[in-house]
Participant: 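Before anything else, here's the structure in question.
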Amino acid sequence: MARRILVLPGDYIGPEIMAEAVKVLEAVNDRFDLGLSLEQGLLGGDAIDAEGTPLPEATLAAARAADAILLGAVGGPKWDSVERHLRPERGLLGLRKELELFGNLRPALLYPQLAEASSLKAELVAGLDILIVRELTGGIYFGEPRGIRTLENGEREGFNTYVYRESEIRRIGHLAFRLAQQRGGRLCSVDKSNVLEVTVLWREIMEELGKEYPDVELSHMYVDNAAMQLVRAPKQFDVLVTGNMFGDILSDAAAMLTGSIGMLPSASLDKDGRGMYEPCHGSAPDIAGQGIANPLATILSVAMMLRYSLAEPAAAEAIEQAVSRVLDQGLRTADIATAGQLAVSTAEMGAAVLAALDA
Ligand code: IPM
Ligand code: MG
């Protein structure tokens with residue numbers, strides 16, 4: 001039976017980058033005889049426009065039935081005025097939650113060809129290869145109670161709840177330890193245990209898990225220091241594990257070390273390795289419709305999907321090599337072009353990856 005891939009292009013640059021990623025996916029599907037069947041769905045703003053809700057039932061049902069999901073990006077100013085619970089981001093968060101995609105892998109890998117595009121000096125980032133493991137279905141993103149209320153004196157107050165259960169910390173911890181075993185064997189757990197009780201518990205559980213993984217060297221760092229270390233000496237890290245909000249912030253910072261957030265793919269996995277794959281960047285409304293967005297993060301997300309959810313490492317590698325080859329050829333979208341380099345369009349970059357696949 002054909003394996004089903006649900007494609008959710010999303011908003012603004014979402015459809016532009018997805019068009020290129022789908023071409024690449026279809027090409028490897030043929031070439032490696034993967035037997036994948038692709039279907040499209042609505043999520044986020046496009047779903048609000050068409051169905052009045054950011055996560056339509058049909059999308060959720062298709063997502064549950066799919067072997068893997070490929071997502072572009074959702075959200076943007078067009079929906080700024082819709083009610084909070086109907087915002088495009090709710091669609092994405094709802095999908096993560098409904099499918100229990102708790103394990104978010106965000107690799108920050110520097111392609112040597114892009115060392116000059118990094119916001120840090122080339123020697124600080126040469127060879128950079130770190131993996132941020134972000135908890136994705138808990139923490140302050142989902143904690144209850146939450147809201148904006150009016151106090152007796154008429155003043156409004158916003159509130160959220162930062163909460164993690166032991167079981168939630170354990171499962172992301174196990175995932176991170178196992179990934180560290182497969183990589184450099186070093187895991188840094190990021191918390192704010194000097195202030196926040198939630199993360200006192202987080203640190204305690206990570207320590208406890210560490211005993212089950214004697215081959216992994218576990219360390220701890222406060223999140224403010226981790227942010228500083230990421231821009232001071234990022235190569236000290238192998239795998240970082242942290243909660244939902246800290247992971248959101250640190251992964252954007254880590255992305256820039258690699259030249260552009262336009263290069264970074266991500267995987268969001270459930271306990272069985274089923275997952276959703278998306279670029280780490282957002283829907284970039286400022287450049288939408290111009291055909292200049294970088295499709296490589298989405299194309300590399302296809303590679304992650306093939307590796308982690310579809311057990312097709314050869315196809316994944318073919319895509320990664322094709323990406324490396326187009327960078328060797330000097331092709332750059334605007335976000336990764338340095339002085340004197342002519343920027344290519346989204347479609348030209350996609351076409352170059354396709355051609356490199358056949359090379
Ligand atoms: C991300 C994004 C999302 C998040 C937004 C779009 C809800 O920033 O995937 O990092 O905060 O998780
Ligand atoms: Mg983010």
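Counting convention: from 1, in listed order, for ligands and their atoms alike. Remember, predicted model here, so these are calculated numbers, not experimental data.
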Participant: Relative to the heavy atoms of R134, which atoms of ligand 1 are at a distance of less than 4.0 Å?
Facilitator: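 Atoms satisfying the 4.0 Å criterion: 1 (C), 4 (C), 9 (O), 10 (O), 11 (O), 12 (O).
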Participant: Looking only at distances, can you tell me whether any N or O atom of E278, backbone or side chain, sits closer than 3.5 Å to an N or O atom of ligand 1?
Facilitator: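 Not met; the criterion fails.
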Participant: Verify, without hydrogens or angle tests, whether T59 (side chain) and L42 (backbone) share a donor-acceptor contact under 3.5 angstrom.
Facilitator: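 Side chain of T59 to backbone of L42, a donor-acceptor pair under 3.5 Å: yes, one is there.
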Participant: Determine whether the side chain, the backbone, both or neither of M245 has a heavy atom under 4.0 Å from any heavy atom of ligand 1.
Facilitator: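 Answer for M245: neither.
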Participant: Nearest protein heavy-atom contact for atom 8 (O) of ligand 1: which residue, which atom, what distance?
Facilitator: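 For atom 8 (O) of ligand 1, the nearest protein heavy atom is D248 OD1, 3.2 Å.
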Participant: Centre of F246's six-membered ring, under 6.0 Å away, within 45 degrees of the axis: is that where NZ or CZ of K192 sits?
Facilitator: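 K192 over F246 ring: no.
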Participant: Quick check against the 3.5 Å criterion: does N104 have a side-chain atom that pairs as donor or acceptor with the backbone of E135?
Facilitator: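 No.
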Participant: Suppose I only count heavy atoms of E89 and a 4.0 Å limit; which atoms of ligand 1 are within that range?
Facilitator: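 Listed by number with element: 6 (C), 7 (C).
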Participant: Heavy-atom pairs closer than 4.0 Å: do any link ligand 1 to the side chain of R106, the backbone, both, or neither?
Facilitator: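 Under 4.0 Å from ligand 1, R106 contributes side-chain atoms alone.
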Participant: State the CG-CZ distance between L86 and R90, to the nearest 0.5 angstrom.
Facilitator: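 These two atoms lie 10.0 Å from each other.
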Participant: Side chain of R274, backbone of R64: donor and acceptor closer than 3.5 Å?
Facilitator: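 A pair under 3.5 Å: yes.
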Participant: What is the closest protein heavy atom to atom 11 (O) of ligand 1, and at what distance does it sit?
Facilitator: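 Of every protein heavy atom, Y141 OH, 2.6 Å lies nearest to atom 11 (O) of ligand 1.
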Participant: Give the C-alpha distance, both sets of side-chain angles, the deciding distance and a yes or no for side chain to side chain donor-acceptor pair (under 3.5 Å) between E100 and T137.
Facilitator: CA-CA 7 Å; E100 282 194 73; T137 53; over 6 Å; no
Participant: Over 60° means perpendicular and under 30° means parallel, so tell me whether Y12 and W79 are parallel, tilted or perpendicular.
Facilitator: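 Ring orientation of Y12 relative to W79: perpendicular.
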Participant: Using a 4.0 Å heavy-atom threshold (strictly under), name the region of H281 that reaches ligand 1: side chain, backbone, both or neither.
Facilitator: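 For H281, there is no contact with ligand 1 at all, from either part.
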Participant: Can you tell me the N, O or S atom of D248 that's nearest the Mg ion (ligand 2)?
Facilitator: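 Closest to the Mg ion (ligand 2) among those atoms: OD1.
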